[in-house]
Amino acid sequence: MENNLKVRINNGNIKVDGIPMGGVPSVSLPACITCNPEAPCFQLCYARRVSARHKRMADGHENNLKVLRADPATYWAQVREAVSAVPFFRFHVSGDIPDAEYMTELARTAEMFPGTVVLVFTKQYSFVNGFVDAGGVIPGNLHIIFRLWDAEWNAKIDNHHNFPTFGVIFDESEVKKFTGTCPGNCMECARGNTGCWGLKSGESIGIFEQ
């Protein structure tokens, strides 16, 4: 029987947290369903609010999760086809790494296409840590960034592999906590290997609260 499952890839003509993606393509999953339920942003989720206003976008995210659950091989084959065709790719404008197997496939995808720089923001720290703890290797072209929140939450984060971080700046006094601040355009940073795309281990980027 013919497989009609189709992953929806976004072409990057959107804004995330008020920042233009600038043409960086991405694949997303539904907000909250795939996210860390303990995260403080869970109830105030930006991506969920945006999806609620844009049914077509929300349907696309739901569709991608449906494909992933029904036929993971098809999901990853189509995602990898998209990754192979571009210099920059982002996972999860909405949603997050849903499980340990997904983390393994994510790393494998980046390894398969070393010419594509892959960016991932996550609050699913345990899946990333577990992958590395078990001997998994993060390819050089895969940039995994741990998302921060407020001081109380940040103190709980297990980042023993010292992944770079990205957080919200709630007031000017917090700027000094970060290595740098978000310049404001995803594609420009990708091309210049700056901002989030150029973060090294232990470095951090902050964005002023929208």
Side-chain angles (χ1 to χ4, degrees), residues 3-14 16 19-30 34 47 57 60-61 63-125 127-147 161-166 183 185-201 203 205:
N3 187 342
N4 292 318
L5 297 174
K6 178 69 174 177
V7 176
R8 296 190 192 177
I9 304 295
N10 189 281
N11 62 13
N13 293 322
I14 56 175
V16 182
I19 303 167
M21 288 284 285
V24 176
S26 63
V27 65
S28 287
L29 297 171
T34 57
M57 178 186 294
H61 300 167
N63 170 80
N64 290 348
L65 183 59
K66 176 184 176 181
V67 177
L68 176 64
R69 287 174 170 172
D71 191 345
T74 291
Y75 176 88
W76 285 108
Q78 293 183 20
V79 168
R80 286 166 180 161
E81 182 179 3
V83 171
S84 71
V86 295
F88 311 107
F89 192 89
R90 178 172 166 180
F91 278 80
H92 313 144
V93 170
S94 169
D96 208 330
I97 301 168
D99 52 44
E101 183 178 356
Y102 192 100
M103 177 60 217
T104 299
E105 294 300 327
L106 177 55
R108 183 174 296 150
T109 298
E111 184 178 25
M112 290 170 64
F113 306 105
T116 303
V117 182
V118 178
L119 183 67
V120 184
F121 292 91
T122 186
K123 289 191 181 79
Q124 293 283 34
Y125 319 112
F127 295 138
V128 180
N129 287 332
F131 174 78
V132 179
D133 289 344
V137 176
I138 305 296
N141 62 318
L142 175 57
H143 298 275
I144 296 180
I145 301 176
F146 280 16
R147 287 294 302 258
H161 293 291
N162 209 27
F163 283 96
T165 58
F166 179 97
N185 186 294
C186 224
M187 179 57 86
E188 288 181 7
C189 287
R191 287 172 173 162
N193 192 34
T194 58
C196 299
W197 296 84
L199 280 180
K200 298 178 176 59
S201 177
E203 294 184 337
I205 287 287

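Here, residue 1 is the first one in the sequence, and each next residue gets the next number. Note that these values count all heavy atoms, side chains included, but never hydrogens, waters or copies made by symmetry.
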What pair of heavy atoms forms the shortest contact from His61 to Leu29, and how long is it? CB-C, 3.7 Å

Answer yes or no: is there a side-chain heavy-atom contact under 4.5 Å between Phe91 and Val27? yes

Distance-minimising heavy-atom pair for Ile144 and Met103: CD1-CE, 3.5 Å

Nearest-0.5 Å distance, CZ of residue Phe127 to CG of residue Asp99: 6.0 Å

Phe146 and Tyr125, any side-chain heavy atoms less than 4.5 Å apart: yes

Ala110 to Val118 - nearest heavy-atom pair and separation: CB-CG2, 4.3 Å

Looking at Thr116 and Val83, would you say the former's side chain and the latter's main chain have a donor-acceptor pair under 3.5 Å? yes

To the nearest 0.5 Å, what is the distance between OG1 (Thr34) and CG (Leu65)? 7.0 Å

Please tell me if the side chains of Thr122 and His92 come closer than 4.5 Å, counting only heavy atoms from C-beta onward. no

Aromatic plane relationship, Phe88 with Trp197 - under 30° parallel, 30 to 60° tilted, over 60° perpendicular: perpendicular

Excluding sequence neighbours, so at least two apart, what forms side-chain contact (heavy atoms from CB on, under 4.5 Å) with Arg108? Arg80, Thr104, Glu105, Met112

Side-chain heavy atoms of Phe131 within contact of Ile97, under 4.5 Å: no

Distance (rounded to the nearest 0.5 Å) between Ser201 OG and Ile138 CD1: 11.5 Å

In this structure, NZ of Lys123 is separated from CD1 of Ile145 (nearest 0.5 Å) by 12.5 Å

Approximate separation, where rounding is to 0.5 Å, of Leu199 CG and Thr194 OG1: 9.5 Å

Between Asp133 and His161, is there a side-chain heavy-atom distance shorter than 4.5 Å? yes

Looking only at heavy atoms, which two atoms of Trp76 and Leu106 are closest? And how far apart? CH2-N, 3.7 Å

When you compare the side chains of Asn10 and Ser26, does any donor N or O come within less than 3.5 Å of an acceptor on the partner? no

Could you tell me how the ring of Phe121 sits relative to the ring of Phe166: parallel (under 30°), tilted (30 to 60°) or perpendicular (over 60°)? perpendicular

Considering only residues two or more places apart or on different chains, which pairs with a residue in residues 135-146 satisfy side-chain hydrogen bond (donor to acceptor under 3.5 Å, both in side chains)? none

About how many Å separate OH of Tyr75 and NZ of Lys66, when rounded to the nearest 0.5 Å? 15.5 Å

Can you see which heavy atom on Gln78 is nearest to which on Val7, and at what distance? OE1-N, 2.6 Å

Can you see which heavy atom on Ala82 is nearest to which on Phe89, and at what distance? CB-CE1, 4.0 Å

